[in-house]
There are 2 protein chains.
Amino acid sequence: MRPTVHDIAIKAGVSLATVDRVMNGRPGVREKTKAKVEEAIRSLGYVRDVAAANLAKGRVYPFTFILPLNDNAFMAALRASVEQAGERGRIERTEISIIDVPAFDGDALAKALIAAGEEEPAGIALVAVDADPVRAAVGALKKKGIPVVTLVSDLEDSGRDHYAGVDNQAAGRTAATLLGRFIGPRAGSIAILVGSLSVRDHQNRLSGFSEGMALDFPNLQLTAPMEGRDDAAVAERLVEEALARDPDIIGIYSLGAGNRGLIAALEKARGNGREIVTIAHELSEHSRAALENGLFDAVLNQDAGHEVRSAIRVLKAEADGVPVIAAQERIRIDIFIKDNLP
Amino acid sequence: MRPTVHDIAIKAGVSLATVDRVMNGRPGVREKTKAKVEEAIRSLGYVRDVAAANLAKGRVYPFTFILPLNDNAFMAALRASVEQAGERGRIERTEISIIDVPAFDGDALAKALIAAGEEEPAGIALVAVDADPVRAAVGALKKKGIPVVTLVSDLEDSGRDHYAGVDNQAAGRTAATLLGRFIGPRAGSIAILVGSLSVRDHQNRLSGFSEGMALDFPNLQLTAPMEGRDDAAVAERLVEEALARDPDIIGIYSLGAGNRGLIAALEKARGNGREIVTIAHELSEHSRAALENGLFDAVLNQDAGHEVRSAIRVLKAEADGVPVIAAQERIRIDIFIKDNLP
DNA sequence: CTGAAAGCGCTTACAG
DNA sequence: CTGAAAGCGCTTACAG
């Protein structure tokens with residue numbers, strides 16, 4: 001059998017309590033005693049049973065997730081993942097509460113952050129809006145010693161401990177390469193549909209996309225980005241107008257949400273005999289159907305479940321003061337085409 | 001606080017032992033008592049703490065992984081994942097041993113399976129070779145009541161409990177779509193490099209690819225598949241010869257291992273001013289470099305770590321006689337291009 | 001600075 | 001058919 005705290009205590013000639021003190025770096029142990037225990041741990045090749053430790057601790061981690069009240073499939077999936085994590089909380093000793101805020105509203109988010117901090121949770125996760133009041137609120141939380149993780153959309157220079165989301169610059173470049181190669185040698189214009197340029201993730205996707213297109217596909221002209229507010233109705237109208245206005249459009253990159261509206265516009269275009277190479281974000285019931293019927297050519301995706309679980313792991317590590325293995329927390333940019341749908 | 005077994009015992013007016021019997025479906029409980037306990041569980045919204053249960057059980061699951069002695073990066077990664085899982089074993093109460101067998105050798109694999117079964121492990125995972133002796137050996141294991149999971153490569157009609165790997169037919173179709181669209185309207189030939197047609201995963205990729213190409217890209221002709229035995233030297237020679245023989249080759253699909261050899265051949269071709277659109281499998285140091293320098297256009301990947309962890313979860317579930325949530329165990333086909341490398 | 005004892009939520013012989 | 005008690009590997013007051 002594997003060595004336990006008992007074995008170490010015996011080998012080192014001390015009590016369980018002392019073993020525990022050394023293992024957890026708690027003060028009040030003579031150097032000499034500490035050395036004995038550490039030697040016993042090493043020589044026995046001891047590895048602590050985290051599950052048993054958690055059980056004994058009985059500690060629970062109250063975490064607060066602040067999520068935008070955004071009516072789109074991705075945010076719904078994200079919310080569902082958080083709720084699911086809450087249900088698993090018993091095992092992982094987490095207690096997760098969700099606070100809703102209006103989407104793309106920096107002031108409301110900042111207020112919610114301050115309020116959440118009052119409760120002194122063990123950690124806070126937020127989908128950031130790129131605004132100074134938010135930065136200030138995060139700074140205040142950090143000053144109180146509360147771990148903060150940004151989720152999906154990051155917030156630079158805010159002092160947040162970690163960002164649980166994809167590299168959106170890279171996502172934009174990925175979209176550029178796929179769109180450019182799928183279109184091939186033809187010349188034409190590309191329409192760009194964003195959600196809002198007030199969030200970092202959309203800004204970054206746009207910049208990565210523009211960069212990639214300029215570099216590799218001089219045959220394709222980018223048109224000015226349209227802001228769809230991640231709203232299906234707005235998106236539909238904007239895309240329809242753009243297609244009507246500009247007959248040169250042969251490709252669309254939709255980097256935000258509101259896929260339903262985009263799909264409706266593409267269907268109408270197809271009805272008029274016009275096929276547009278299209279790349280969108282986030283796999284959902286709708287985007288999956290669009291891939292299957294050829295309205296979308298590729299969908300870039302971030303796994304909401306992974307992001308939420310990563311955020312929780314990091315918050316827990318921060319709360320425990322143990323280091324985070326960054327490489328392990330990297331979130332991948334999934335590419336889906338009609339053939340590799342999960 | 002959340003309800004525990006104690007709360008249930010009190011509410012139902014029984015002892016802990018009886019609660020445990022009902023919860024775990026063990027015999028020897030009067031129907032009436034059982035009903036009382038179940039009612040208490042329901043009304044209290046009880047969810048068992050699996051970690052505590054495992055701790056109390058003290059049960060360990062001895063699992064055997066049978067892996068091919070194959071000198072390629074993917075198999076190395078798979079092996080590393082299994083070893084890593086073994087190290088985490090303390091927490092998850094698993095004890096994993098690895099048995100090596102020669103690659104692509106059905107008889108050796110069958111023998112290893114029989115031998116592994118003698119040890120009466122709690123479960124066995126194998127990278128299957130499509131051969132009747134293997135099928136028979138798996139059948140014998142199942143007769144002994146040992147859970148069996150195929151890993152990476154499946155074995156139909158063998159009675160295995162589960163397959164932890166990607167849908168390779170879909171992977172082949174994915175490769176076809178990407179290759180065809182990247183090449184565009186040009187006409188030409190496509191070379192196919194397989195590892196061995198004695199393994200199901202390679203068979204399936206080939207069939208999915210052929211199907212996809214035939215359907216969507218009549219401008220592209222497939223040449224006869226070359227068997228590289230997942231060996232870099234063999235692969236290099238085969239590809240070089242094919243390129244020399246057939247000047248019409250404008251694309252390559254490499255569906256097995258041996259990427260180093262393929263890369264060497266492509267480099268030589270590039271030296272001769274010949275650029276070949278190439279899709280390969282499995283992300284490694286080499287394939288990553290090839291994506292970055294444009295020798296590869298896309299790499300399809302299966303996450304070895306996911307597969308191993310899934311296999312273990314399933315084996316454990318089978319050993320415990322609890323159901324597996326199939327959807328949760330689906331392994332994704334990752335698509336990597338130069339821009340979304342992790 | 002150190003230790004004896006109780007307890008986290010479960011399971012398992014053992015006894016009846 | 002049912003229960004009292006000990007124990008899994010750890011942590012935590014409390015006492016000294």
Distance check needed: [N] [atom2] versus [X] [atom1], whole Å only.
X: A/His6; N: D/dT11; atom1: NE2; atom2: C1'; value: 11 Å
X: B/Asp7; N: C/dG9; atom1: CG; atom2: C1'; value: 10 Å
X: B/Arg26; N: D/dG3; atom1: CZ; atom2: C1'; value: 15 Å
X: A/Met23; N: D/dG9; atom1: CE; atom2: P; value: 13 Å
X: B/Leu16; N: C/dG9; atom1: CG; atom2: P; value: 12 Å
X: B/Lys57; N: D/dG9; atom1: NZ; atom2: C1'; value: 16 Å
X: A/Glu31; N: C/dT2; atom1: CD; atom2: P; value: 10 Å
X: B/Asp20; N: D/dG3; atom1: CG; atom2: P; value: 13 Å

State which of [options] makes the closest approach to the side chain of [X].
X: A/Arg30; options: C/dC1, C/dA13, C/dC10; result: C/dC1
X: B/Asp49; options: C/dC10, D/dG3, D/dC10; result: C/dC10
X: B/Ser15; options: C/dT11, D/dG3, D/dG9; result: D/dG3
X: B/Leu55; options: C/dA13, C/dG9, D/dC10; result: C/dG9
X: A/Ala56; options: D/dG3, D/dG9, C/dG3; result: D/dG9
X: B/Val5; options: C/dA13, C/dG9, D/dG9; result: C/dG9
X: B/Val29; options: D/dC10, C/dT11, D/dT2; result: D/dT2
X: B/Thr33; options: C/dC10, D/dC1, D/dA4; result: D/dC1
X: A/Arg21; options: C/dT11, D/dA13, C/dC14; result: D/dA13

Quiz item: Within the structure shown, what part of the strands sits under 4.0 Å from B/Val14 by heavy-atom distance: base, sugar-phosphate, or nothing?
Solution: sugar-phosphate
Quiz item: Is A/Ala53 touching bases, backbone alone, or none of the nucleic acid, heavy atoms closer than 4.0 Å?
Solution: sugar-phosphate
Quiz item: Under 3.5 Å, is there a donor-acceptor pair linking the side chains of B/Asn301 and B/Arg332?
Solution: no
Self-check item: Residues A/Arg79 and A/Asn70: side-chain donor-acceptor under 3.5 angstrom
Solution: no
Exercise. Quick one: pull up CG in A/Leu151 and CZ in A/Phe65 and give me the separation to the nearest 0.5 Å.
Key: 6.0 Å
Quiz item: Want to settle it: does B/Thr4 or A/Ala17 sit nearer the 5' end of DNA chain C, counting the closest nucleotide to each?
Solution: A/Ala17
Self-check item: Residues A/Asp154 and A/Arg160 bridged, charged N to O under 4.0 Å
Solution: yes
Quiz item: Is the shortest side-chain N to carboxylate O distance from B/Arg42 to B/Glu39 below 4.0 Å?
Solution: yes
Exercise. Give a yes/no on whether any side-chain N or O of A/Asn24 is located under 4.0 angstrom from OP1 or OP2 of D/dT11.
Key: yes
Practice problem: Could you tell me whether the phosphate oxygens of D/dG3, OP1 or OP2, come under 4.0 Å of any side-chain nitrogen or oxygen in B/Thr18? | Solution: yes
Self-check item: Test item: A/Leu78 and A/Ser81 side chains (from C-beta on) under 4.5 Å apart, heavy atoms
Solution: no
Quiz prompt | Earlier contact from the 5' end, DNA chain D, for B/Pro27 and B/Ala52 | solution = B/Pro27
Quiz item: So which nucleotide does C/dG16 pair with, by the Watson-Crick or G-U wobble rule with both distances under 3.5 Å?
Solution: D/dC1
